[in-house]
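Reading through the structure tokens given below for one structure.
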Amino acid sequence: MHIISLDVPFPADYGGVVDLFCKLKYLAEQGIKIHLHCFTNGRQPQDELNKYCVEVNYYQRKKKLSGFSFRLPFIVSSRINKELAKRLQQDDYPVLMEGIHCSYLLHNNTIARHRAYIRLHNTEFEYYRQLAGHESNPVKKLYYLNESRLLKKYERAIAAKSCIITVSESDAMTYQNMFGATDVHYLPVFIPWTLAVGKEGKGCFCLYHGNLSVNENEKAVIWLQQHVFAGLDIPFVVAGKDPSRKLISLTGKQKHTCLVANPTEKEMQDLLAKAQVNILPSFNKTGIKLKLLNALFNGRHCLVNAAAADGSGLQGSCHTAEDGKAFGEAITYLYQKEFTSDEIEERQGLLQRQFNNAANAQQLITWLYSHYPAPSPSPS
């Protein structure tokens, strides 16, 4: 099979590539021969990928001006590549496009319907609309709004041309109800964790973690600082990639708050293990939050709002609150509440029923070959 990746999926250091990298490993374990095609905008070729793929091809993503289009979303138009098109036309293997970003060859009918599968990472038009709502820079806000407008038109046009495989049940419903898609399936994300290993007992701080360069995540931290922790005498740690100067300045002025910028994976897992409460509100309802799964597998109590767990099936493993007052009350309660072996066992059962990588890989393989005619019997 072919897999087209929106980025080089190793190192698996952000949400968009964790699912893909883990998927490569489990598909390879099932005996699938993978021809991987990676777009790149700075990430380097990785020998690690050769362990799971029979070949890996790299394509330079177009820069802003050369990739701009008035008709197509930039995340799509910047990944148009003639060399990729030629390679895909040399055989009839299934083609899994990771993200709507990689679907142009389906849009222009280069790939036949029976070969085409799109793995949605989000309902992208809605994701960009919500990014615009969180953006204060007028130029960026205009870009997000225009991208959302183009994506909505593009996603509606593409919905009937492919089998759609979503990462959340809510995204599947959006494609069915809004775009009239009929061949839509929900498949949980592939993850690097298999056991819930949160430690019994109590931790010593509350934790928010995420990619801090994303405006939605920065807004979540600022909201927590201003509306929740301003009234609490409880240690609060914020950890993640590339915080802005604004966020560094804000957290530096806040009592009981510590910012850990660009932690290593080992450092991040150590923070998760030591935290008493993982606090992960979200202002974005699309996709699934891998940082929430990370916290559930590797941490103690998890406190979220409805948007953070929407469509994920994870609500039963989380505590929920909506406004600042309710978050503060929940944190005060959970900070004193021991995390028990019974809670670990219950969480493990819920997570394993849904996030079983081997079973999900087999389900994906079944879908990938469902549109192919059955082979003719061999002559006797």
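Computation of the quantities below employed the complete heavy-atom set of this structure, encompassing side-chain atoms and omitting hydrogens, waters and symmetry-equivalent molecules.
- Using modelled atom types, one side-chain atom of Ser168 and one backbone atom of Asp171 make a donor-acceptor pair closer than 3.5 Å.
- Among residue pairs with one or both ends in residues 137-148, none qualify as salt bridge (charged side-chain N to carboxylate O under 4.0 Å, His left out); sequence neighbours excluded.
- Side chain of Gln276 to main chain of Lys274: no donor-acceptor pair is present (N/O by atom type, distance under 3.5 Å, no hydrogens or angles).
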Let me see the working for Tyr93 and His2 under ring pair (Phe, Tyr, Trp, His ring centres under 6.0 Å), right down to the final yes or no.
CA-CA 7 Å; Tyr93 304 149; His2 295 279; 5.7 Å; yes
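- A donor-acceptor pair under 3.5 Å is absent between the side-chain atoms of Asn360 and the main chain of Val189, judged by distance alone.
- Listed by chain and number, the residues in a side chain to side chain donor-acceptor pair (under 3.5 Å) with Lys152 amount to none (sequence neighbours excluded).
- For residues 190-204, the set of pairs meeting the salt bridge (charged side-chain N to carboxylate O under 4.0 Å, His left out) definition, not counting sequence neighbours, is empty.
- The backbone N or O of Trp367 sits less than 3.5 Å from a side-chain atom of Tyr117, completing a donor-acceptor pair.
- For the salt bridge (Lys or Arg N to Asp or Glu O under 4.0 Å) test, no residue two or more places apart in sequence or in another chain qualifies with Lys33.
- Between the side chain of Arg347 and the main chain of Arg300, a donor-acceptor pair closer than 3.5 Å is present.
- Annotation: side chain to side chain donor-acceptor pair (under 3.5 Å) contacts of Asn137 (sequence neighbours excluded): none.
- Counting only distance, with no hydrogens or angles, the side chain of Asn357 and the backbone of Ile191 share a donor-acceptor pair below 3.5 Å.
- Using a 4.0 Å cut-off between charged nitrogen and carboxylate oxygen, Glu55 and Arg87 do not count as a salt-bridge pair.
- Partners of Asp342 under the side chain to side chain donor-acceptor pair (under 3.5 Å) rule, at least two apart in sequence or in another chain, do not exist in this structure.
- Side-chain N or O atoms of Gln60 include one that pairs as donor or acceptor with a backbone N or O of Thr40 at under 3.5 Å.
- Evaluation of the side chain to side chain donor-acceptor pair (under 3.5 Å) test over residues 204-214, restricted to residues two or more places apart or in two chains, returns Tyr208-Asn217, Tyr208-Lys291, Asn211-Ser213.
- Every residue meeting the side-chain contact (heavy atoms from CB on, under 4.5 Å) condition with Ala307, not counting sequence neighbours, appears here in chain and number order: Lys285, Asn305.
- Look at Glu126 and Arg129 and you find a salt bridge, because one of the NZ, NE, NH1 or NH2 atoms lies within 4.0 Å of a carboxylate O, short of that distance.
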Give every donor-acceptor pair under 3.5 Å between a side-chain atom in residues 218-226 and any protein atom, sequence neighbours left out.
from	atom 1	to	atom 2	distance (Å)
Glu218	OE1	Ser244	OG	2.5
Lys219	NZ	His134	ND1	3.2
Gln225	OE1	Thr257	OG1	3.4

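- When all heavy atoms are compared, the tightest approach of Leu49 to Phe10 is CD2-CB, 3.9 Å.
- Between Leu84 and Arg79, the closest side-chain pair of non-hydrogen atoms is not below 4.5 Å.
- Remark: side-chain polar atoms of Ser148 are paired, donor with acceptor, to backbone N or O of Phe125 under 3.5 angstrom.
- In this view, Arg149 and Asn146 satisfy the side chain to side chain donor-acceptor pair (under 3.5 Å) rule, not counting sequence neighbours.
- The six-membered or imidazole ring of Tyr154 lies near that of His107, with a centre-to-centre distance under 6.0 Å.
- Pairs passing the side chain to side chain donor-acceptor pair (under 3.5 Å) check and including a residue from residues 6-18, sequence neighbours excluded, read Asp7-Tyr14, Asp13-Arg43.
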Listing, residues 15-29 side-chain donor-acceptor contacts under 3.5 Å, not counting sequence neighbours, or none:
from	atom 1	to	atom 2	distance (Å)
Asp19	OD1	Arg119	NH2	3.4
Asp19	OD1	Phe190	N	2.7
Asp19	OD2	Lys23	NZ	3.1
Asp19	OD2	Arg119	NE	3.3
Lys23	NZ	Glu98	OE1	3.4
Lys23	NZ	Glu98	OE2	2.5

